[in-house]
Amino acid sequence: MELGRDSDTGGQVKYVVELARALGTMPGVYRVDLLTRQVSAPDVDWTYGEPTEMLNPHMSDTSGLGESSGAYIIRIPFGPKDKYIQKEHLWPHIPEFVDGALNHITQMSRVLGEQIGGGQPVWPVAIHGHYADAGDSAALLSGALNVPMVFTGHSLGRDKLEQILKQGRQSKEEINVTYKIMRRIEAEELSLDVSEIVITSTRQEIEEQWRLYDGFDPILERKLRARIKRGVSCHGRFMPRMVVIPPGMEFHHIVPHDGDIDGEVERNEDGPAPPIWAEIMRFFSNPRKPMILALARPDPKKNITTLVKAFGECRPLRELANLTLIMGNRDNIDEMSGTNASVLLAILKMIDKYDLYGQVAYPKHHRQADVPSIYRLAAKTKGVFINPAFIEPFGLTLIEAAAYGLPMVATKNGGPVDIHRVLDNGLLVDPHDQQSIADALLKLVSDKHLWARCRLNGLKNIHLFSWPEHCKTYLSRVASCKPRQPQWQSSDSQADNSGSDSPSDSLRDIQDLSLNLKLSLDGDKNEGSATVDNALDTEDALDEKNRVEKAALTLSKGVLGGTQKAGSSEKEDRSSSTNKFPSFKKRKNIFVIAVDSDATSNYIEIIEKIAEAVKKERDSGSIGFILSTALSISEIYPLLTKGGFSPSDFDGFICSSGSELYYPSSNSEDSPSGLPFVVDLDYRSHTEYRWGGEGLRKTLVRWASSVNDKKGEQGKIVSEDESGSTAHCFAFKVKDLALIPPVKELRKLTRIQALRCHLVYSQNGTKLNVIPVLASRAQALRYLYIRWGMDLSKVVVFVGECGDTDYEGLLGGIHKTVILKGVATEARKLHANRNYPLEDVISFDMPNFAQVEGFKSNDIRTSLGKLGILKG
């Protein structure tokens with residue numbers, strides 16, 4: 001494990017690996033899989049290419065482990081196989097990782113099912129995403145598997161954006177080009193939408209960092225928690241639980257130095273001195289002086305330059321102490337990243353400016369195994385550990401240093417405040433105040449009694465940060481989530497879900513808090529609850545549930561019929577579906593037609609040309625077809641009939657932007673609507689997590705009314721489309737797209753109100769579909785893989801040059817993609833006002849992409865040959 005090679009291999013990596021290792025040893029935990037990227041490149045360690053690596057527990061007794069139990073690193077191949085890619089450039093490849101992870105999870109579920117599940121698949125209890133890109137992945141995996149999600153942000157994009165903007169060196173646009181920061185923030189917002197639990201290291205992370213996000217508001221969180229406790233309806237609003245669990249550490253191997261501080265630092269009482277000691281000591285003219293130790297990458301946010309300046313300008317401190325800077329590993333400064341190189345060069349210039357030669361050590365290399373020895377050396381010299389970062393999400397190195405008997409000086413911004421409260425082993429400083437840093441360091445190295453007291457306090461209280469303590473709290477929180485798994489394998493009688501979506505008691509208790517909820521989408525997050533629907537506000541939660549069920553049936557009666565018929569249909573679907581829909585596994589390839597167009601005649605012609613391109617294979621049954629569209633099933637049927645198609649020409653229909661899934665039926669009696677389709681009710685249940693139901697619909701109707709009122713002279717700009725709506729899709733007609741907010745603004749408004757949903761503008765902006773947050777056309781394909789074993793690598797998705805606002809989700813993954821150039825180009829206006837450019841998340845030069853001018857059948861067939869789908 002290479003820690004410190006770049007900004008992607010810092011303390012977060014160690015935290016995640018140690019968490020997985022510790023969880024794997026806990027009672028009741030059979031297996032933990034840590035999924036990451038497989039890389040076989042000459043410039044990284046060979047272990048990056050190993051597909052599986054067991055994380056052996058620190059304690060050697062493994063006698064109680066089962067055949068496949070324990071903790072493992074599972075490396076999933078995605079992106080360029082022979083190239084290490086920094087996290088900012090991984091976004092186009094995330095869907096491929098999700099598909100590969102799904103494949104691993106389903107295979108492992110079968111293996112574990114044979115070993116410990118009595119032949120039934122054993123699914124994960126939870127999926128835990130660490131950092132923004134993994135949060136995005138975990139959200140998609142959670143939706144595909146219907147498994148609870150947990151998230152840890154580690155460092156947050158909105159906070160990083162604010163910090164960089166304050167420095168004044170880059171504009172927001174320049175920051176986004178460098179860090180892809182807006183895509184990262186959207187991933188963190190999605191993680192809030194989907195997570196049941198968000199784990200933070202400190203309370204400061206909740207109250208000062210997460211509150212910057214549209215999807216989390218401490219005040220609204222308290223209101224929702226109070227309403228749930230009192231049995232009052234939340235009107236379709238949901239908040240994740242924010243839980244503070246400090247990271248853990250393994251202490252069993254640590255023996256704090258307790259010898260003669262004034263002895264020879266070049267010697268080690270237990271044998272020869274570690275080589276790293278000599279590597280550091282060679283810098284010092286007087287190696288016996290107390291060592292001020294900083295362990296951080298040369299990153300601007302770590303604030304090492306202010307530390308060096310404070311040391312250089314404080315003569316008493318220079319006379320009393322040495323400074324050691326462990327700043328990752330480097331061979332040549334010219335080969336470092338631009339920001340890291342500039343920080344290191346600035347430090348070297350200051351060393352020269354203040355003539356600190358003989359007083360500052362900055363070794364080029366160290367191994368991860370050397371870090372404990374570095375801590376011991378600093379403690380042996382009666383030194384101090386310092387973390388001067390502008391903001392520190394947690395500060396694991398502070399705990400590590402305390403375990404070796406080192407007092408601390410640390411930033412007052414972030415996690416160190418909580419660590420200091422528990423350990424009481426040092427001083428907190430303003431990282432912007434150079435004099436404050438120098439004074440705190442001087443105080444600790446000059447006052448031996450203070451130094452000794454801080455050292456003993458740290459050693460006495462350090463057990464509170466052990467991994468067993470962390471894991472006990474972690475597992476108790478995960479156990480509080482409502483168990484979820486692929487819907488068709490769970491019992492029809494589910495436990496009450498009131499606990500699963502309720503916000504936690506992570507924030508202070510409520511005292512006489514107003515429970516009014518703002519039920520409009522106007523205004524921003526900081527406004528109060530002035531516009532409240534008091535009638536809704538006083539209704540009982542049970543009545544609300546009844547109204548939701550009634551409204552859902554009313555909305556869907558055009559397709560699904562009434563209560564009794566829907567009930568009988570559900571029974572029929574679940575009892576005989578295994579025999580009805582096995583065709584996916586029989587097909588050699590599945591063609592998914594996901595071309596978005598508002599011209600119906602053009603749409604039918606595209607379907608005809610694609611079918612014509614593979615007529616021979618289609619007639620033989622080796623190729624099947626799925627329609628994927630924003631249209632409802634009641635809109636699709638007459639369109640197909642008019643074009644001369646039969647529903648039986650297709651294996652499935654992904655409708656209403658991915659919120660509904662249907663299969664053709666030879667008997668129209670299968671459907672209470674009389675149409676020759678059967679709805680997949682398991683898919684509905686699979687995607688209904690956090691669906692706001694009637695509460696969401698009424699809020700959207702109010703929003704539409706307010707838009708129409710403001711644009712009175714233009715007439716009805718937005719209107720509810722009852723015929724195009726279903727139980728899991730609230731559809732609205734849009735008269736003029738330019739007069740309503742772009743999808744990013746509407747998404748922001750719903751998140752501010754804790755309404756978790758997926759908003760899709762379709763048909764060139766003439767329609768808005770609002771569907772469950774975990775439903776999408778891309779996720780429907782993953783469901784078909786989990787449910788019916790449809791091999792995603794054998795799927796070909798046909799899309800236009802542009803499409804609905806869910807377009808980007810269709811392009812990634814292990815499936816093949818054919819882009820019909822010149823088709824759906826008018827939809828570009830839907831993407832004109834985005835949080836981040838499409839180019840940040842789509843790489844059109846990937847090997848599983850093919851582009852065709854227009855949609856001539858011969859050209860389509862040629863492109864399929866290039867993709868290896870057809871021969872000859």
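Residues E205 and T202 share a closest heavy-atom pair of N-OG1, 3.2 Å. Heavy-atom minimum distance, S137 versus F97: OG-CD2, 3.5 Å. Annotation for R169 and P300: closest pair NH2-CB, 4.0 Å, computed over non-hydrogen atoms. Across all non-hydrogen atoms, the minimal contact from D299 to V343 is C-CG2, 4.0 Å. Smallest separation of non-hydrogen atoms from A132 and A187: O-CB, 3.5 Å. Of all the heavy atoms in P416 and F394, the pair that sits closest is CD-O, 3.3 Å.
Residue R211 holds its CZ atom at 14.0 Å from CZ of R158, rounded to the nearest 0.5 Å. We find the CZ-NZ distance between R37 and K87 to be 14.0 Å, quoted to the nearest 0.5 Å. The CG atom of N387 sits 5.0 Å away from atom CG of L398, with the distance rounded to the nearest 0.5 Å. Between the CD atom of E174 and the CG atom of L165 there is a distance of 10.5 Å, given to the nearest 0.5 Å. For the atom pair CG of L19 and OH of Y474, the computed distance is 6.0 Å after rounding to the nearest 0.5 Å. With rounding to the nearest 0.5 Å, the separation of OH in Y84 from OH in Y48 is 5.5 Å.
Counted by atom type alone, Y131 and R184 present one or more donor-acceptor pairs between their side chains at under 3.5 Å. Q204 and E208 form a side-chain donor-acceptor contact under 3.5 Å, judged by distance and modelled atom types alone.
Put simply, the side chain of P431 does not reach to within 4.5 Å of the side chain of T306, judged on heavy atoms. Counting heavy atoms from C-beta on, the side chains of R484 and E196 come closer than 4.5 Å. Inter-residue side-chain proximity for D806 and S776 is flagged as unmet; no heavy-atom pair is nearer than 4.5 Å. At least one side-chain heavy atom of H93 sits less than 4.5 Å from a side-chain heavy atom of I85. With contacts defined as side-chain heavy-atom distances shorter than 4.5 Å, the pair D136/W91 qualifies. Side-chain contact between E808 and R834 is present, with at least one heavy-atom pair separated by less than 4.5 Å. A heavy-atom distance below 4.5 Å is found between the side chains of I333 and L348. Annotation: side chain of N848 is not in contact with side chain of E96 (no heavy-atom distance under 4.5 Å).
Under the 3.5 Å distance criterion, the side-chain polar atoms of N413 are matched with a main-chain donor or acceptor of F390. At distances below 3.5 Å, at least one donor-acceptor pair connects side-chain atoms of N303 with backbone N or O atoms of P388. In this structure, S195 contributes its side chain and P240 its backbone to no donor-acceptor pair below 3.5 Å. With N176 contributing its side chain and I181 its backbone, the two residues share a donor-acceptor pair below 3.5 Å. Side chain of H815 to backbone of V795: no donor-acceptor contact under 3.5 angstrom is found. H831 contributes a side-chain N or O that, together with a main-chain N or O of D804, makes up a donor-acceptor pair within less than 3.5 Å. A donor-acceptor pair under 3.5 Å links the side-chain atoms of S142 to the main chain of V147, judged by distance alone. For the pair D99 (side chain) and R782 (backbone), a donor-acceptor distance under 3.5 Å is absent. Judged purely by atom type and a 3.5 angstrom limit, K364 has no side-chain atom pairing as donor or acceptor with the backbone of R330. In this structure a side-chain-to-backbone donor-acceptor pair under 3.5 Å is present from R690 to D193.
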Legend entry - Criterion side-chain contact (heavy atoms from CB on, under 4.5 Å) on I819 and F844, from CA distance to verdict: CA-CA 10 Å; I819 300 172; F844 289 101; 3.5 Å; yes
Inset, instruction - Determine, step by step, whether Y785 and T106 satisfy the side-chain hydrogen bond (donor to acceptor under 3.5 Å, both in side chains) criterion, reporting the C-alpha distance in whole Å, the side-chain angles of both residues, the deciding distance to 0.1 Å, and the verdict. - result: CA-CA 10 Å; Y785 164 66; T106 51; 2.8 Å; yes
Legend entry - side-chain contact (heavy atoms from CB on, under 4.5 Å) evaluation trace for H89 with K83: CA-CA 12 Å; H89 303 291; K83 185 179 179 182; over 6 Å; no
Inset, instruction - Take R777 and L810, measure what side-chain contact (heavy atoms from CB on, under 4.5 Å) needs, and give me the verdict at the end. - result: CA-CA 7 Å; R777 291 190 284 172; L810 296 166; 3.5 Å; yes
Inset, instruction - Might you work through the side-chain contact (heavy atoms from CB on, under 4.5 Å) test for R756 and M239, ending with a clear yes or no? - result: CA-CA 9 Å; R756 313 298 177 174; M239 278 281 181; 3.6 Å; yes
Going by atom type alone, with no hydrogens or angles, which donor-acceptor pairs under 3.5 Å involve a side-chain atom of residues 73-80 and a protein atom two or more places apart or on another chain?
residue : atom : partner : partner atom : Å
R75     : NE   : T47     : O            : 3.3
R75     : NH1  : T47     : O            : 3.1
R75     : NH1  : E50     : O            : 3.0
R75     : NH1  : E53     : OE1          : 3.3
R75     : NH2  : E53     : OE1          : 2.7

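When ring centroids are compared, Y72 and H104 stay outside the 6.0 Å threshold.
For E186 and R183, the salt-bridge test fails: no basic side-chain N is under 4.0 Å from an acidic carboxylate O.
For Y375, the ring-ring contact (aromatic ring centres under 6.0 Å, His included) partners at least two apart in sequence or on another chain are F385, Y404. Scanning for ring-ring contact (aromatic ring centres under 6.0 Å, His included) contacts around H470 gives W467, with sequence neighbours left out.
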